[in-house]
Amino acid sequence: MLAREHRLTKQKNFERIWKYGESFFIREIGFKILKNDLGISRFAFIVSNKILKKAVSRNRFRRCLREIVRKRLRGIKSGFDCLIIARPGIGELSYQELEEKIERILRKIKLLRD
RNA sequence: UGAGUAGAUCGGGUAAUCGCCUUUUAUUUUUAGACCAAAUUUUUAGGCCAAAAUAGCCAAAUAACUAAAAAUAAAAGGAGGAAAGUCCGAACACCAUUUUAUGAAUAGUCGCUAACAGCGACCGGGAGCAGUUCUGGAAACUAUUUUUAAACUAUAAAUUGUUUUUAAAAUAGGAUCAGAGCGAAACCUAGGGAAAGUGCCACAGAGACCAUACUAACUUAUAGUUCUAUAAAGUAAAAGGUGAAAAGUGAAAGGGUGUUCUUUUUUGGAAAAUUUUAAAAGAGCUACUUUUCUCUCUGAUAAGGUGACUUAUCAGAGUGGUAAACCCUAUUCGGUGAAAGGCCAAAUUUUGGUGGGCCGUUUGAGCUUGAUAGCAAUAUCAAGCCUAGAUAGAUGAUUACCUAGGGUAGAAAAUACCUGAACAGAAUUCGGCUUAUAGAUCUGCUUAGACA
RNA sequence: GGGCCUAUAGUUCAGUGGCAGAACGCCGCAUUCGCAUUGCGGAAGUCGGCAGUUCAAAUCUGCCUAGGUCCA
């Protein structure tokens with residue numbers, strides 16, 4: 001679990017990101033990113049009821065995503081709000097595959113520090 | 001030992017690293033008195049007015065009062081038997097006002113419970129294993145009897161008698177087979193009322209509940225044409241294949257109606273056969289009716305039981321099914337759901353809002369152990385214990401080892417290798433029900449095999 | 001957290017407890033030089049699943065499954 005200062009909690013934050021954020025998608029995962037002035041990067045994870053039926057698997061994938069981001073928290077540039085959205089193919093992926101894919105995306109959108 | 005079935009309990013473990021939530025403690029720092037909007041800022045357009053919103057900052061300063069807040073570290077604790085479905089019942093809170101209509105729910109009895117469409121015990125019903133009774137059949141075989149053939153004995157011989165054998169028939173027994181009845185235990189059972197009323201019961205059928213109309217038959221009447229048609233009335237014994245269901249459950253005896261057959265007599269006929277009329281006797285079937293027994297229901301009485309009910313006797317009646325169709329009877333029920341609901345202080349300039357904060361909120365119809373009462377559900381008493389509390393939503397991720405179990409190699413055992421745990425995630429809280437569930441352990445019952 | 005609805009032929013939908021139906025689509029034949037249109041005929045259904053009530057269930061009752069939708 002991320003510390004509280006790295007979480008997005010408010011309804012307004014979510015609305016702002018949905019409206020003004022930039023999107024990046026691969027088949028299993030989607031990203032939405034927007035700059036903020038805080039000097040800290042904040043994250044939120046969305047796994048909807050339609051994509052995974054059972055609550056156990058929903059919880060599991062949300063925790064996995066969180067864990068992956070947490071491990072890379074030092075390498076990520078600060079000052080961004082980031083929404084990570086699960087898409088229908090995610091049910092068949094293992095933890096390691098997820099890790100690879102997220103790492104590739106982060107490189108691609110240049111969110112990682114040098 | 002294996003299989004089936006029912007019930008109860010459990011529902012992987014250890015270590016390391018990196019993290020999250022709650023509580024407590026310690027240290028350091030110094031502020032804090034919820035948040036948001038309106039003032040400020042930014043952007044676009046613009047000459048201004050004006051319009052829009054998106055993070056972030058400050059609600060301008062001061063004093064008083066209150067006492068904590070943040071960071072770091074350590075310790076403790078941190079998902080279920082169903083947390084699920086939301087099918088019932090409650091607690092709790094507010095709103096209405098008194099429980100009446102409407103409506104809804106429940107439905108054998110007694111008990112348990114805070115309550116219940118729940119649970120326990122019992123009653124009734126269903127189906128029916130083991131078993132048992134009856135009926136029918138029955139191979140081989142056994143017994144008895146009869147007949148046939150052969151042998152033996154007695155005898156001169158036949159015959160008779162005895163014994164054994166062969167073949168056949170009959171009777172009885174008979175492994176066993178089929179059908180029917182009763183049927184312990186275990187199993188299933190939304191189980192008031194159809195004799196208050198209404199509705200429905202397709203097709204078929206005369207008729208599906210005021211049954212017996214109609215067809216076919218006979219008599220009478222009318223119309224015309226011998227004969228036919230029509231209509232009504234009467235007689236009316238049997239029959240009318242249906243259907244899930246057919247009107248009072250089956251049996252016996254008597255009376256009795258009609259009809260069929262046989263015999264005898266009689267009539268017509270020249271005679272025989274056949275046939276016609278009438279009568280008598282006998283036999284078969286039989287509407288209807290009487291009596292007795294049986295079946296079902298209702299009522300009364302007696303005995304047993306808290307009661308549902310059971311048993312016995314007597315009297316009466318003979319009425320199709322469906323209430324999971326309407327309905328009737330008895331009992332119970334006010335509505336809305338945590339997004340319920342409550343609080344958020346004072347001064348200076350003021351006002352509004354908020355899915356902002358806190359409480360509600362985890363000590364409870366609580367858990368564990370023991371004793372007592374009870375067939376049991378359950379209750380009482382004693383001792384001990386505190387056991388998740390998140391809110392874009394914690395309880396996690398990775399690695400290593402082990403384990404229940406599974407697979408392969410092996411004749412088997414040992415061993416080696418591979419794999420490595422089902423269903424499933426709290427959201428105010430309880431009591432049930434229902435559904436999903438790998439595997440393990442224990443207990444009861446049934447059954448198969450082996451050994452003693 | 002709570003309420004409601006739907007499931008019937010390949011598709012879209014009807015369907016009083018008693019024979020499962022319509023339109024489009026599909027197949028065959030005819031018409032045409034050929035295709036379309038048109039006409040005739042045909043096939044295609046565990047009525048979402050499992051139990052129960054009933055003589056009889058797509059329909060009535062209960063429990064599940066899968067979809068959809070509403071409040072907030």
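Just so you know, these numbers use all the heavy atoms, side chains as well, and skip hydrogens, waters and symmetry mates. This structure is a prediction, so every number in the text was calculated from the model and none was measured.
The residue from A:Val69, A:Ile68, A:Ile105 that alone fulfils the side chain to side chain contact (heavy atoms under 4.5 Å, CB included) condition with A:Ile84 is A:Val69.
Of the nucleotides present, C:C71 is the one that pairs with C:G1 by Watson-Crick or G-U wobble criteria, both distances under 3.5 Å. The partner of B:A61, taking Watson-Crick or G-U wobble pairs whose two distances both stay under 3.5 Å, does not exist in any strand shown. With a 3.5 Å ceiling on both atom-pair distances, C:C19 lacks any Watson-Crick or G-U wobble partner. Base pairing of B:U276: no nucleotide in any strand meets the Watson-Crick or G-U wobble criterion (both distances under 3.5 Å). Nucleotide B:G56 forms a pair with no other nucleotide shown, judged by Watson-Crick or G-U wobble geometry with both contacts under 3.5 Å. Pair assignment for B:C35: B:G353, on the basis of Watson-Crick or G-U wobble contacts that are both within less than 3.5 Å. Shown here, B:U228 forms a base pair with B:A223; the pair counts as Watson-Crick or G-U wobble because both key distances fall under 3.5 Å. Judged by Watson-Crick or G-U wobble contacts below 3.5 Å, the nucleotide B:G316 has B:C297 as its partner.
Put simply, CD on A:Glu99 is 14 Å from P on B:A397, counting in whole angstrom units. The distance between atom CZ of A:Arg58 and atom P of B:G393, rounded to the nearest whole Å, is 14 Å. For the pair A:Ile102 CD1 and B:U398 P, the interatomic distance rounds to 13 Å; values are reported in whole Å. B:G19 atom C1' lies 16 Å from atom CG of A:Leu65, rounded to whole Å. In this structure, the CG atom of A:Asn59 is 10 Å from the C1' atom of B:G396, given to the nearest Å. As rounded to whole Å, 13 Å separates atom C1' of B:U399 from atom CD of A:Glu67. A:Arg63 places its CZ atom 11 Å from the C1' atom of B:A390, with the value rounded to the nearest Å.
The side chain of A:Arg62 places no N or O atom within less than 4.0 Å of a non-bridging phosphate oxygen (OP1 or OP2) of B:A392. Distances shown here put a side-chain N or O of A:Arg66 below 4.0 Å from the OP1 or OP2 atom of B:G393. For B:A397, the OP1/OP2 oxygens have a side-chain nitrogen or oxygen of A:Arg60 closer than 4.0 Å.
Rounded to whole Å, the P atom of B:A345 lies 45 Å from the corresponding atom of B:A397. Spacing between B:U17 and B:A76 at atom P, rounded to whole Å, works out to 14 Å. Here, B:A138 and B:G173 have their P atoms 13 Å apart, quoted to the whole Å. B:A8 and B:C327 have their P atoms separated by 41 Å, with the value rounded to a whole Å. Across B:G353 and B:C423, the matching C1' atoms stand 48 Å from one another, rounded to whole Å. For the P atom pair drawn from B:A101 and B:U331, the interatomic distance equals 12 Å after rounding to whole Å. B:A315 and B:U292 are spaced 10 Å apart, taking the P atom of each and rounding to whole Å. Taking atom C1' on both B:A90 and B:A115, the two are 6 Å apart, rounded to the nearest angstrom.
Glycosidic torsion of B:A324 falls outside 90° of 0, placing the base in anti. Look at B:U362: its glycosidic torsion is within 90° of 0, and that puts it in the syn range. For B:G81, the base is syn relative to its sugar; the glycosidic angle is within 90° of 0.
Remark: A:Glu103 CD to A:Glu100 CD distance equals 8.5 Å, nearest 0.5 Å.
Under the 4.5 Å side-chain heavy-atom criterion for ILVMFWY residues, a single connected hydrophobic cluster contains both A:Ile26 and A:Phe61. A continuous path of hydrophobic side-chain contacts links A:Leu65 to A:Phe24 [ILVMFWY only; heavy atoms under 4.5 Å].
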From CA spacing to verdict: side-chain contact (heavy atoms from CB on, under 4.5 Å), A:Ile29, A:Ile85:
CA-CA 6 Å; A:Ile29 308 163; A:Ile85 305 155; over 6 Å; no
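Look at A:Glu67 and A:Arg63 and you find no salt bridge, because none of the NZ, NE, NH1 or NH2 atoms lies under 4.0 Å from a carboxylate O.
Looking only at side-chain heavy atoms (C-beta outward), A:Phe31 and A:Leu106 come within less than 4.5 Å of each other.
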